[in-house]
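So the structure is just underneath, and the comments pick up after that.
In what follows, chains carry the letters A, B, and so on, assigned in the order in which the sequence lines appear, proteins first and then strands, with residues in each chain numbered from 1.
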Amino acid sequence: MNVKISLPDGSQREYPQGVKGADIALSISEGLARNALAIEVNGEVWDLARPITNDASVKILTWNDKSGKTTFWHSSAHLLAEALEALYPGVKFGIGPAIDSGFYYDVDLGDRTFGEGDLVAIENKMKELAKKDSAYVRKDVSKTEALDYFNKKADPYKIELISGLQDGSITFYQQGNFVDLCKGPHIPHTGFIKAVKLTNVAGAYWRGDEKNKMLTRIYGITFPKQKELDEYVHLMEEAKKRDHRKLGKELELFAFSEKVGMGLPLWLPKGTILRERLEQFMRKAQVRAGYDPVVTPHIGGKSLYVTSGHYEKYGKDSFQPIHTPDENEEFLLKPMNCPHHCEIYKTKPRSYRDLPIRLAEFGTVYRYEQSGELHGLTRVRGFTQDDAHIFCRPDQVKDEFIKVIDLVLHVFKSLGFDNYTAQVSLRDPANKQKYIGQDHLWDKAEKEIQEAADERGLKTVAVEGEAAFYGPKLDFMVKDALGRSWQLGTIQVDYNLPQRFELEYVGSDNQRHTPVMIHRAPFGSLERFVAVLIEHCAGNFPLWLAPDQIAVLPISERFNDYAAKVFDALKAQDIRGLLDDRDEKIGRKIRDAETKKIPFMLIVGEREAAENRVAVRKHGQGDQGSVSLDEFVNNFKVECAAP
RNA sequence: GCCGAGAUAGCUCAGCGGUAGAGCAGCUGAUUCGUAAUCAGCAGGUCGUGGGUUCAAAUCCCAUUCUCGGCUCCA
């Protein structure tokens, strides 16, 4: 009996029934067989040693395939576990999956404590074990057998995992002396793993539940070649140089102070310029899009948030109420702007003809984030949203939503963010009590969001359980320098708060109706946006945003007068920058300006002073030759136009 | 909030039981210079904070604050 095997190039070959992936790879080429890690059989990844009994279309997976890497790293997690068991007999194992880059294993070390210093010893053990070329052997086991094995090892985590599995679908994998519960697949043997780096140790709750015990999570990454590990390490070092916390300090954009409080950023003068440019950019875009700017206070009466539901949901985990000499009075630092905007809506009766009403505010809000969550500017306790609330009729929701998508995309495009994910954040259907409002309105809102995104041709991923408590969202996610994903822009459809605040408008039928609210923030928060922007451009901001756009560098003190004249002329044209009239050599001044990532350096000496010219040097690009001062200003203005 | 690591001059870091160190930045002076660091001198820290052990603590122990890596959370 033969089986028909289709290959990715469309060709078909016949092999004896029970043929293994390894055989197929070898029949194609020796090189492929040498690099083969696994095989995709009808879309499912299998071990190369697993017999294929039916016709199938297959693809041999190597390191160059994403699922090849995943398999490689999953097998590496087993190797890590083998090393841990060898070094620390009696450790208990949780789970050990592959992740985007690398893998981890959650382990219970019992009474042992364990720091990053211990990692080198484990790495070495892994390398030693890898050299044994131990095959990863798959074995079907019954549930009883499986439970029996881990009962003997007294591993409560594996026992818990097995208990949730169905008899008949349980497999073990063994390499060397280490046996693990695992559905596979794996690479053929440990010898493929040539380079190992354990990157960090962290605590992680068993099964991600903070009520459970915290296990020790060991993160690592492995490669088939040492060179690839070296490249990876180099890449990580480069990424660290882009970290907005590092650049924020170096470029004097923002700072934190223990006395002010954790998570409460201080914007330094240069950071403030950056931030105000962004605000101005957004204000302009919003005026064009029909928004009305409003301003509301930083605090609001407690009842405002009782009405909105925020108090019930977040009250005890928030900054606590502010009290006044009047004992019955309580104010909250505003964690959201929407309730204030609802009150603005209510200042007068609204007609269906007035809608949509779009109220926009750069509103600073305060949220008591858990201390361990704070992270540079991306996660803070006080931040400014480029917030707006659109109050509209039900028939206007989709149109308005699409307009907001366009605005968000305009922002991203203007700043060169092309690597974002659009995420439709839905309710967790298993946990509906976490949300307010009626089912049918949620369903409607979720449908409208998806339709609007589809209509704009946006590729989206839907994620359950990520909605706000009052409504579903469309979130725009962007990764930071170190690969961590952050939410920037967000658009939310909300049928609930208008009801709670008893908002209404008079329809064409002369009846009272409840409007729909769209919450939206294209930047999300200025703080987080600036953080991601810093990392995105590695501190080399576009000219229109750069805190210092030019540095005027006299060759020597003899030309300080001319340099000052040039500098004043530029300032008169609203060009930002500095005059470096220190008693330093020009090489030094250039170096310092380059380090500060100032886009243009204007070098002036005898030649320039004589002819009213400037020698232009561009950051990172070197000498651009000399032009007249007027010409420079004209060119600059063109290049510096804000989008 | 939880697990682990850390905090030394403005910045980056060395020192890890025996009277606080370097480079850069800063200040002063010399130099007046043509595209990524001119030279010399000076000054600068109750070693995060509070307790403890010790003849002696930056160094060891405890607590606390903040930072970092994750986990949980994220209106």
Side-chain angles (χ1 to χ4, degrees), chain A residues 104 106 109 113-118 199-219 243 245-246 249-250 252 256-259 261-263 305 308-315 317-318 334-339 365-376 378-381 385 387 425 435-436 466-471 473 475 482 484 486-487 490 492 494 497 519 528 553-560 583-595 601-608 615-626:
Chain A
Y104 66 78
D106 284 347
L109 295 161
T113 53
F114 185 90
E116 308 204 346
D118 300 287
T199 48
N200 52 349
V201 186
Y205 299 108
W206 168 236
R207 300 204 129 177
D209 188 334
E210 75 186 305
K211 289 180 204 82
N212 286 339
K213 180 167 179 180
M214 184 162 267
L215 305 180
T216 304
R217 175 170 298 178
I218 300 171
Y219 285 91
D243 192 317
R245 291 166 298 185
K246 185 176 156 64
K249 193 184 273 184
E250 286 172 3
E252 298 178 10
F256 290 90
S257 144
E258 241 177 80
K259 279 193 177 148
M262 55 162 97
Y305 300 100
S308 71
H310 288 96
Y311 188 79
E312 194 198 342
K313 184 93 182 151
Y314 297 103
D317 303 317
S318 291
K334 75 175 167 188
M336 278 299 276
N337 303 301
C338 25
V365 297
Y366 298 89
R367 299 177 182 176
Y368 188 79
E369 306 290 1
Q370 294 186 21
S371 61
E373 255 325 305
L374 301 174
H375 183 97
T378 50
R379 194 79 188 274
V380 287
R381 284 180 170 169
Q385 297 177 311
D387 209 359
S425 300
Y435 309 91
I436 58 172
E466 289 295 310
F469 73 91
Y470 49 75
K473 312 188 284 178
D475 293 324
L482 297 170
R484 292 174 289 221
W486 297 97
Q487 177 203 303
T490 178
Q492 312 169 1
D494 179 5
L497 293 192
H519 309 240
R528 183 176 291 178
L553 313 179
I555 294 281
S556 81
E557 282 183 354
R558 280 171 51 216
F559 311 106
N560 279 357
D583 179 10
E584 288 290 352
K585 288 163 73 168
I586 193 64
R588 174 53 180 276
K589 295 184 186 181
I590 287 172
R591 184 188 146 79
D592 288 348
E594 289 279 357
T595 310
M601 282 150 275
L602 302 181
I603 292 143
V604 295
E606 194 157 14
R607 296 199 290 269
E608 289 72 23
V616 179
R617 183 188 165 101
K618 257 190 165 175
H619 169 69
Q621 294 175 40
D623 195 353
Q624 309 286 300
S626 102

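- A/Glu250 comes within 4.0 angstrom of nothing in the nucleic acid, heavy atoms only.
- Within 3.5 Å, a donor on the side chain of A/Arg617 pairs with an acceptor on the base of B/U35, or the reverse.
- As judged by a 4.0 angstrom heavy-atom cut-off over every strand, A/Lys249 is placed among residues touching the sugar-phosphate backbone only.
- With a cut-off of 3.5 Å on both pairing distances, the Watson-Crick or G-U wobble partner of B/U28 is B/A40.
- A/Gly309 comes within contact range of no nucleotide atom at all, as no heavy-atom separation falls under 4.0 Å.
- Among B/A75, B/C33, B/U35, the nucleotide with an atom closest to any side-chain atom of A/Ile603 is B/U35.
- Side-chain contact between A/Leu553 and A/Arg617 is absent, with no heavy atoms from C-beta onward closer than 4.5 Å.
- As judged by a 4.0 angstrom heavy-atom cut-off over every strand, A/His375 is placed among residues touching the sugar-phosphate backbone only.
- Per the geometry, OH belonging to A/Tyr435 stands 12 Å off C1' belonging to B/A75, to the nearest Å.
- Between A/Phe469 and A/His310, the ring planes lie perpendicular to each other; the angle is over 60°, past the 30° to 60° tilted range.
- No engagement by A/Arg207 is indicated, since no non-hydrogen atom pair under 4.0 Å with the nucleic acid exists.
- Contacts of A/Gln487 with the nucleic acid, taken as non-hydrogen atoms under 4.0 Å apart, are absent.
- The base of B/A37 lies close enough to the side chain of A/Arg591 for a donor and an acceptor atom to sit less than 3.5 Å apart.
- Rounded to whole angstrom, the span from the CD atom of A/Gln621 across to the P atom of B/U35 amounts to 18 Å.
- Within the nucleic acid shown, A/Phe256 has no heavy atom closer than 4.0 Å to any nucleic acid atom.
- Taking a pair to require two hydrogen-bonding distances under 3.5 Å in either a Watson-Crick or a G-U wobble arrangement, B/C71 pairs with B/G1.
- A/Ala204 comes within 4.0 angstrom of the backbone, heavy atoms only, and of no base.
- Base-pair partner of B/G18: B/C55 (Watson-Crick or G-U wobble, both distances under 3.5 Å).
- In the set B/A36, B/C24, B/G69, the nucleotide with an atom closest to the side chain of A/Arg245 is B/G69.
- Residue A/Tyr219 is in sugar-phosphate contact alone, with no base atom involved, counting any heavy-atom pair closer than 4.0 Å across all strands shown.
- Between A/Asp209 and A/Arg207, no side-chain nitrogen of the basic residue sits less than 4.0 Å from a carboxylate oxygen of the acidic one, so the salt-bridge criterion is not met.
- Counting distance only, with no hydrogens placed and no angle test, the side-chain atoms of A/Tyr205 and the base atoms of B/G70 include no donor-acceptor pair under 3.5 Å.
- Nearest approach of A/Tyr470 to A/Asp494, heavy atoms of both residues: O-OD1, 3.3 Å.
- Here B/G69 is the nucleotide among B/G69, B/A75, B/C33 with the atom lying nearest to any side-chain atom of A/Arg484.
- B/G34: no Watson-Crick or G-U partner with both key distances under 3.5 Å is found in any strand.
- B/U46 is unpaired under the Watson-Crick or G-U wobble criterion, no partner having all donor-acceptor distances under 3.5 Å.
- The minimum heavy-atom distance between A/Glu608 and A/Ser626, with the atom names listed, is OE2-CB, 4.4 Å.
- In this structure, A/Tyr314 forms an aromatic stack with the base of B/A75, since both conditions hold: centre separation below 5.5 Å and plane angle below 30°.
- Using a 4.0 Å heavy-atom criterion, one finds that A/Gly372 contacts the bases of the nucleic acid, with or without backbone contacts as well.
- Remark: A/Glu312 CD is loosely packed, at most 12 non-hydrogen atoms of other residues, nucleotides or ligands lying under 6.0 Å away.
- If you check B/A36, B/C73, B/G34 against the side chain of A/Ile586, the one that comes closest is B/G34.
- Within 4.0 Å (heavy atoms only), A/Lys585 reaches at least one base atom of the nucleic acid.
- Nucleotide B/C66 forms a pair with B/G6, judged by Watson-Crick or G-U wobble geometry with both contacts under 3.5 Å.
- Residue A/Met262 is classed as a sugar-phosphate contact, given heavy-atom separations below 4.0 Å to backbone atoms only.
- Taking side-chain N and O atoms only, A/His619 has no distance below 4.0 Å to OP1 or OP2 of B/A36.
- Taking atom CD1 of residue A/Ile218 and atom P of nucleotide B/A5, one finds them 13 Å apart after rounding to whole Å.
- A/Arg381 forms a cation-pi arrangement with A/Tyr368, by the criterion of a distance under 6.0 Å to the ring centre and an angle within 45° of the ring axis.
- If you check every strand for non-hydrogen atoms under 4.0 Å, A/Ile555 touches a base.
- Using modelled atom types, one side-chain atom of A/Gln624 and one backbone atom of A/Gly622 make a donor-acceptor pair closer than 3.5 Å.
- Among the heavy atoms of the strands lying under 4.0 Å from A/Ala615 is at least one base atom, whether or not backbone atoms are also near.
- Taking every side-chain heavy atom of A/Glu606 into account, B/G34 is the closest of B/G34, B/U32, B/G1.
- Between A/Arg379 and B/C73 there is no side-chain N or O to OP1 or OP2 distance below 4.0 Å.
- No hydrogens or angles were tested; on distance alone, a donor-acceptor pair under 3.5 Å links the side chain of A/Glu608 to the base of B/G34.
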